[in-house]
Amino acid sequence: MDLWTIIIISIIKILFVVTITLLTVSYLVYFERKISAWVQDRIGPNRVGWYGLLQPFADVFKLFLKEDIVPDASIKSIHTLAPIITLFVAFSTYAVLPWGPPVNIFGYEIPLVLADVNSGILIVLALTSLGVYGITFSGWASGSKYSLLGGVRSSAQMISYEISMGFSVAGVLLISESLRPAAIIESQSGWMWNAFIQPIGFITFLVSAFAETNRLPFDLPEAEPELVGGYHTEYSSMKFAAFFLAEYANMIISSGLIVTLYLGGWQVPYIETFGLSSGWVTMMQIGAFFFKVGAVLFFFIWVRWSIPRFKYNQLMNLGWKVMFPLALVNLVWVAILVMLLN
Amino acid sequence: MAKKKRLKDLNFLEKIYLPEISKGLVQTFKKMFQPRFTMEYPEVKFEPPDSYRGRPVLVQEENGEERCVACGLCSRVCPALAIEIQAGETEREKERYPERFEINMIRCIFCGLCEEVCPEEAIIMSKDYELVFSNREDALYGKDKLLVPINELQDRINFLRKHK
Amino acid sequence: MPKFQIDGKEFEFKNGQTVLEVALENGIDIPHFCYHPLLSISGNCRMCLVEIEKMPKLMISCSTLAAEGMVVHTQSERAINARKAVMEFFLINHPLDCPICDEAGECKLQDYTYQHSIGESRFTETKNLKEKRVPLGPYVMFDGDRCIACSRCIRFCDEIAKSSQLTFVKRGDRVTIETFPGMQLDNSYSLNVTDICPVGALTNRDFRFKARVWDMSATKSVCIGCSRGCNIEVWVRSNEIMRLTPRFNPDVNQYWMCDEGRLKTWKHVNSDTRINGPQLRKNGTLAEVGWDEAYAFAISELKNFNKDEIGIILSSSASMEDNYMGIKFGKSVLGAKYFGYKSKVLKGSGDDILITDDKAPNTFGLELLLKSFSVRIENSFEQVMSLINEGKIKALLVIEDDILSGSEELNKTLDRLDLLIVTASNMNKTAEKAHIIFAASTYAEKNGTFVNVSGRIQRTKPAVVTSERERSLDGFEMSRLDKFGTEWDKWGKVNKIEARASWKILNGLGVVMGQKLKYNMAEEVFVDLSKTIDKLSGLDYRAIGETGVQLKLTNTN
């Protein structure tokens, strides 16, 4: 493969991923509203387009037309920088997530991942940690007490849950013996999904993922009753939309990560025994990945409309006194498992 | 500080939250498949019960005349001062009639006191709830908008006679 | 003084007083319909029944003379039951048409039904129907159904108006009131029967169905129809005068006023002919301008004339304040020598009840003012007019008077003038000829004082709001609608005339010309003028009060 082929293939893949992501993000908002409506015996958006399917575009159009308000008391440069950081971090994480097995097209073997990096998982963890800067900056730069409180809460919450998240991932890495996402997926062949092997780790990771994405029941940085809107109180128009998009993009990343680390990634258990042609297998595997991600996303939304918000002290208690020890327990358990089975 | 005793201590399963959370999740999941309560308003209209207090209207008798004798009691009792009446003299048996009868629908609070006080059963709370106007002048409903034929109000009149 | 007891309390009385009179004097309310303090006792309504010890039956208190040692019970069970029974009899045939009836809200029968009746009817038969909507005269409408046959109106015509025009016909429950054949209820005081009628049987045709009593505000004022100065109340709704009613003043008009005053002295206040803002004659036609422009123009025009070329016409219809400012402005600012006023006496138009020959309310006061400034009074108007004819007076300032009405021959005289300045409330013949018109407030829009034919000084109070005033801020009487209305309500968005009181106009002119005295309120003008007239010394608006003060007439100066 010469350099130009790699560049062209990469550009195609980037376009594919970005388009899919943006569409998913906007339709995630639509489904969030629909599912919330169903949970509450309502109908949900149904005015714009067929069953309200054009609602996301209407929303974006509205946000485009809104006035971009920058408060007098804000630090203007950082106020503008914050949503850019948040959105940039959210989208760059997609680079290392594999959404299918390597495919053979026209004699080229193409991995279905933008960057098949050795330290993929580390990059994901590093980038998601960077995301907290965007939120903290926005809280600091807005010149508003509500935003500041939201920003501070967010950084404290993210740092706390980063720990248990990291230790949960460590359990996965012990088994896969690699930081490459593709390798982690391959290590979960059959029903050897990490979710079944290390359920405690799965739960701690899942809970931490909720906390990292600021989703209910851990959406304290933007708790409306206490903080008006939290860190994005002073944002409007497309800057607000950037935060909004980033939140949902993060949700997709988290779902993708959960699928990759614990639910076997693009693997369909024992697909080789079905006797399908290799093309069908690849198609099914890509489909399986998106299906699994969709299911986890549905779970995210489902939980949001079922469980009320934690208090801040409960959040911290849960993070440090429950999740962190559980992650350690999980690590020990996996270590013993690896030792025994090897 | 004395520690408050709980009415009932949580058992182990309750303490680890997970079973309770999954109970909640099951509950909301069931809800997703239950029938919706939403009424899709402009296509589907709400048909109010007889006890509903919508826009106050004036009863128009079958011969096309208004029942109102412009006594001014509704105007006097109206807590929001929404009603303004100018009485006039007619040749009919009831000497008095409203030359001008205006309800300021911005002021009206739909309390129904006018209906209750009316000695002639002439002002009735209709079932009309579709009140839209884009300026203050349009919100002044004169006799042209207020007069409603009696057969359209029979439900409410029967309801009042039964319960008043 | 002899004493007797009512409800356990001792009261003194004068010989010849009835029980009811003593009770009312002392604030004990015995309900009554037919009794009226100024009419003869008829005793036919039976409402004032009271129990008197040692008398076999209940007595009507209106015709029972009080006697030493008498013990009266108005709240005993027998008295209360009797009242209830009487009310029940009244309500047998009285229609339940309060919603239609104009009297509702100020109806004695309505009030007593709440206070003294059992609250429901036991009468199941059909009611007696009588004639409705009978015009008894030009101003009074009669409704036979509502009449409770108290005979107040009949006695009023006989005893007060001195023209027996009404009588009872038929008997028992068919009794009704009619005018004598070939007669109408058309005496000069006929509308008073609508005031004294305790029910809505007699109503004012002019006011019929115009407004509810509770929607109006009532301002205590004085009638300007003639020099009697009857005390009145001005009833206003949505800044429009709806009616006038007489107000009790034992020294002037008792309970009465004439139809002329009641109907014809206020229509101009609401009329379309009101002058709305000052007007200047430009190229032969009158055009509305702002006050400042009008003041400046008037001053620049007046400066073209010598002092003795300027004449001033005062008005016996204008208030003391307006005339005082007229004289003061003329003397100290313009230096004018010639003042005059047109007499409004119509010989033979008065009677010996209330109406006087002089159709101006303030002739007495104006003459007091002129005397105190040592200005000629006799034939002063004719003098000014002849000076105009001679060409000596070239500029004339007319204060609130239509000098042309009734004197068409003066048309040519006024044509000779180089400058005619008029303050007027309505467009009239004089104003049409004017070069400058200042819009003046009417008596219903300003504070003012008037001295009546017998030398009694009385006040008018503003009841209608002009553009510069605010009902709630300037202490006007407020009806319910005024209190709660906003500018977005029809009744709140009232028509305010752009007008000022004449004294204020002259004060404004004086200020532009550099006069030092500046008045902000009518009362300041009055306090100043009371210092120049001995008879008024020490008086102010508070001292004049609601019923006025009689001036001492003995020491003439």
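In the text below, chain A, chain B and the rest are named by the order of the sequence lines, each starting its count at 1. All values derive from a computational prediction rather than experimental measurement.
For a residue to count as touching a neighbouring chain, one of its non-hydrogen atoms must lie under 4.5 Å from one of that chain's; by this rule B/E91 touches chain C with backbone and side chain alike. For a residue to count as touching a neighbouring chain, one of its non-hydrogen atoms must lie under 4.5 Å from one of that chain's; by this rule C/L96 does not touch chain B. Only the side chain of B/E84 comes within contact range of chain C, judged by heavy atoms closer than 4.5 Å. Only the side chain of B/E102 comes within less than 4.5 Å of a heavy atom of chain C; its backbone N, CA, C and O stay farther away. In this structure, chain C has a heavy atom under 4.5 Å from the side chain of B/L140, while its backbone stays farther away. Heavy-atom distances place the side chain of B/R136, and not its backbone, under 4.5 Å from chain C.
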Test log, rule side chain to side chain contact (heavy atoms under 4.5 Å, CB included), inputs C/D489 and B/N104
CA-CA 8 Å; C/D489 295 308; B/N104 186 344; 3.5 Å; yes
Determine, step by step, whether B/K94 and C/D97 satisfy the salt bridge (Lys or Arg N to Asp or Glu O under 4.0 Å) criterion, reporting the C-alpha distance in whole Å, the side-chain angles of both residues, the deciding distance to 0.1 Å, and the verdict.
CA-CA 9 Å; B/K94 295 173 179 171; C/D97 66 348; over 6 Å; no
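Not one N or O on the side chain of C/R212 forms a donor-acceptor pair closer than 3.5 Å with the backbone of B/G72.
For B/E93, the CD atom sits in a loose shell: 12 or fewer heavy atoms of surrounding residues, nucleotides or ligands are nearer than 6.0 Å. Shown here is C/D272, whose CG atom has no more than 12 heavy atoms of other residues, nucleotides or ligands within 6.0 Å. Residue B/F46 places its CZ atom among more than 12 non-hydrogen atoms of other residues, nucleotides or ligands, all under 6.0 Å distant. Within a 6.0 Å sphere centred on CD of C/Q115, heavy atoms belonging to other residues, nucleotides or ligands number more than 12. Atom NZ of B/K30 has 12 or fewer heavy atoms from other residues, nucleotides or ligands within 6.0 Å. Enclosure of atom OH in B/Y41 by more than 12 non-hydrogen atoms of other residues, nucleotides or ligands within 6.0 angstrom is indicated. The number of heavy-atom neighbours closer than 6.0 Å to CZ of C/R122, taken from other residues, nucleotides and ligands shown, is 12 or below. Counting non-hydrogen atoms of neighbouring residues, nucleotides and ligands closer than 6.0 angstrom, the CZ atom of C/R480 exceeds 12 such neighbours.
Interatomic distance, CG of C/D102 versus SG of B/C71, reported as 12.0 Å (0.5 Å rounding). C/R205 CZ to B/E89 CD: the interatomic distance, rounded to the nearest 0.5 Å, is 8.5 Å. Note that CD1 of C/I100 is 6.0 Å distant from CD of B/E120, once rounded to the nearest 0.5 Å.
The minimum heavy-atom distance linking B/R76 with C/W214 is given by the pair CD-CD1, 3.3 Å. Of all the heavy atoms in B/P119 and C/P99, the pair that sits closest is CG-CG, 3.5 Å. Of all non-hydrogen atoms in C/F209 and B/Q86, the two that sit nearest each other are O-NE2, 3.8 Å. Nearest heavy-atom pair, C/T486 versus B/R107, reported as atom, atom and distance to 0.1 Å: CG2-NH2, 3.8 Å.
Annotation: side chain of B/E95 is in contact with side chain of C/R208 (closest heavy-atom distance under 4.5 Å).
Chain B is approached within less than 4.5 Å, heavy atom to heavy atom, by C/K132, C/R133 from residues 124-134 of chain C, ordered by number.
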